[in-house]
Amino acid sequence: MHKSPVIMLGGLHIDLSIVLMLLVTCTICLVLGLLATRNLSVENPGKLQNFLEWAVEFVQGLISSTMDLKKGRPFLSLGLALIMFLFVGNLLGLPLGVVTDYHDAEHAKIFGKQIEPVVKELDRLHAAADPASHEEIEVGVAWWKSPTADPAVAMGLAVMIFLLSHILGITRNTKNYFKHYFEPYPFFFPINLIEQVSKLLTHGMRLFGNIFAGEVLISVILKLAALGVGGWIASVLGLIVWQGFSLFIGTIQAFIFVMLTMVYFSQMLETHDEH
């Protein structure tokens with residue numbers, strides 16, 4: 001596995017590849033939205049407009065399947081933005097990879113900051129290397145990958161939804177929000193708290209785990225090419241099959257994340273009678 005371009009900035013570890021891919025994902029979503037709404041037409045809509053209208057109807061269907069559409073209509077924009085961001089972000093790591101190699105710790109810098117994982121790995125490899133050996137030591141840095149293959153991004157999205165759902169429950173359904181922690185009996189309070197924490201963890205880690213595992217397997221398949229002609233053929237065939245399957249997984253994970261988002265909103269907004 002290649003290293004990540006992590007630098008120390010303001011006392012924080014910043015993964016520049018994730019920052020880059022978040023910007024790329026947001027840019028693609030913005031461009032798609034602008035192109036789809038540039039020449040709106042009722043009589044002769046373009047292909048992108050049709051796609052965006054289908055996406056809106058799809059998200060409306062998700063909302064209406066979890067709560068009353070009138071109650072859930074304010075979440076339409078959030079759901080549409082989420083599903084577009086996740087769909088694009090989940091698939092960015094599939095078509096290509098951008099890797100830079102470093103041979104010397106002194107040159108493993110960007111913006112004047114050391115790329116810490118590279119420096120540590122180079123120091124370790126040089127310390128373990130045979131002084132008599134002239135083998136060149138290098139460490140690769142991956143710049144292009146799916147942003148959702150990073151736990152910080154996946155959990156960040158999950159935390160955002162977690163906080164928003166609880167704020168909605170406290171502000172719009174105060175009585176039932178606090179009451180449900182003690183149902184069906186008061187001694188269920190610890191279990192209900194654990195349930196809320198588990199929702200947060202599974203919401204984010206499910207997304208991260210599926211996308212990260214897909215990219216790891218792609219890197220493993222690519223290494224088969226080093227085994228000769230047979231390995232190269234197996235690598236090409238395996239990559240074709242896995243790319244198609246990863247496309248399916250990325251789409252499904254975007255759907256599941258948005259669906260669960262609407263389910264959590266519905267649970268916080270519904271009253272006891274609506275159960």
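Just so you know, residue 1 is the first one in the sequence shown, and it goes up from there. Note: hydrogens, waters and symmetry copies are ignored here, and every other heavy atom, side chains too, is used.
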Flag, side chain of Ser266 to backbone of Thr66, donor-acceptor distance under 3.5 Å: yes
Minimal non-hydrogen separation, Val6 against Pro117, with atom names: O-CD, 3.5 Å
Close aromatic pair by centroid cut-off 6.0 Å: Tyr181 and Tyr177: yes
Pairwise side-chain contact, Lys71 with Leu269, heavy-atom cut-off 4.5 Å (strictly under): yes
Distance, nearest 0.5 Å, that separates CE of Met160 from CG of Leu164: 7.5 Å
Minimum-distance pair of heavy atoms, taken over all atoms of Lys113 and Leu9: CE-CD1, 4.0 Å
What donor-acceptor contacts under 3.5 angstrom involve side-chain atoms of residues 194-201, with partners at least two apart or in another chain?
| from | atom 1 | to | atom 2 | distance (Å) |
| --- | --- | --- | --- | --- |
| Gln196 | OE1 | His166 | NE2 | 3.3 |
| Ser198 | OG | Ile194 | O | 3.3 |
| Ser198 | OG | Glu195 | O | 2.7 |
| Lys199 | NZ | Gln267 | OE1 | 2.6 |

Check residues 152-159 and write down every donor-acceptor pair under 3.5 Å in which the side-chain atom is one partner and the other belongs to a residue at least two apart or another chain.
none

Phe75-Phe265 aromatic ring centre distance below 6.0 Å: yes
Note, Val139 side chain near Asp101 side chain (heavy atom, < 4.5 Å): no
Same cluster (ILVMFWY, side-chain, under 4.5 Å), Leu239 and Leu227: no
Check: Leu76 and Gln60 side chains under 4.5 Å, non-hydrogen atoms: yes
Check: Phe255 and Leu62 side chains under 4.5 Å, non-hydrogen atoms: yes
Ile221 vs Ile218 side-chain heavy atoms within contact, under 4.5 Å: no
Just distance, no hydrogens or angles: give the donor-acceptor pairs under 3.5 Å from side chains in residues 10-27, sequence neighbours left out.
| from | atom 1 | to | atom 2 | distance (Å) |
| --- | --- | --- | --- | --- |
| His13 | NE2 | Glu116 | OE1 | 3.3 |
| Asp15 | OD1 | Ser17 | N | 3.1 |
| Asp15 | OD1 | Ser17 | OG | 2.6 |
| Thr25 | OG1 | Met21 | O | 2.7 |
| Thr27 | OG1 | Leu23 | O | 2.7 |

Main-chain N/O of Leu168 paired with Arg172 side-chain donor or acceptor, under 3.5 Å: no
Gap separating the CD1 atom of Ile211 from the CD atom of Gln253, nearest 0.5 angstrom: 6.0 Å
Distance-only donor-acceptor check, side chains Ser146 and Glu215, under 3.5 Å: yes
Main-chain N/O of Ile167 paired to Thr171 side chain as donor or acceptor, under 3.5 Å: yes
CZ-CD1 distance between Phe87 and Ile28, expressed to the nearest 0.5 angstrom: 11.0 Å
Distance in Å, Phe257 CZ paired with Met259 CE, rounded so as to fall on 0.5 Å steps: 14.0 Å
4.5 Å side-chain heavy-atom contact, Trp143 and Val141: yes
Distance in Å, Asn210 CG paired with Ile252 CD1, rounded so as to fall on 0.5 Å steps: 10.5 Å
Asn173 vs Met268 side-chain heavy atoms within contact, under 4.5 Å: no
Intermediate values then yes/no, side-chain contact (heavy atoms from CB on, under 4.5 Å), His203 and Thr261: CA-CA 9 Å; His203 200 196; Thr261 296; 3.5 Å; yes
Joint cluster assignment, Ile170 & Ile161, ILVMFWY side-chain distance < 4.5 Å: no
Joint cluster assignment, Val56 & Phe51, ILVMFWY side-chain distance < 4.5 Å: yes
Straight-line distance of Leu35 CG to Gln49 CD, nearest 0.5 Å: 12.5 Å
Joint cluster assignment, Leu82 & Val31, ILVMFWY side-chain distance < 4.5 Å: yes
Whether Phe245 and Trp242 hold their rings parallel, tilted or perpendicular, with breakpoints at 30° and 60°: tilted
Passing candidate, ring-ring contact (aromatic ring centres under 6.0 Å, His included) with Phe182, options Phe189, Phe188, Phe187: Phe189
Path from Ile233 to Val236 over hydrophobic side-chain contacts below 4.5 Å: yes
Heavy-atom pair of closest approach, residues Ala254 and Leu86: CB-CB, 3.7 Å
Side-chain donor-acceptor pair present, Asn90, Thr148, cut-off under 3.5 Å: yes
Test item: Ile115 and Lys3 side chains (from C-beta on) under 4.5 Å apart, heavy atoms: no
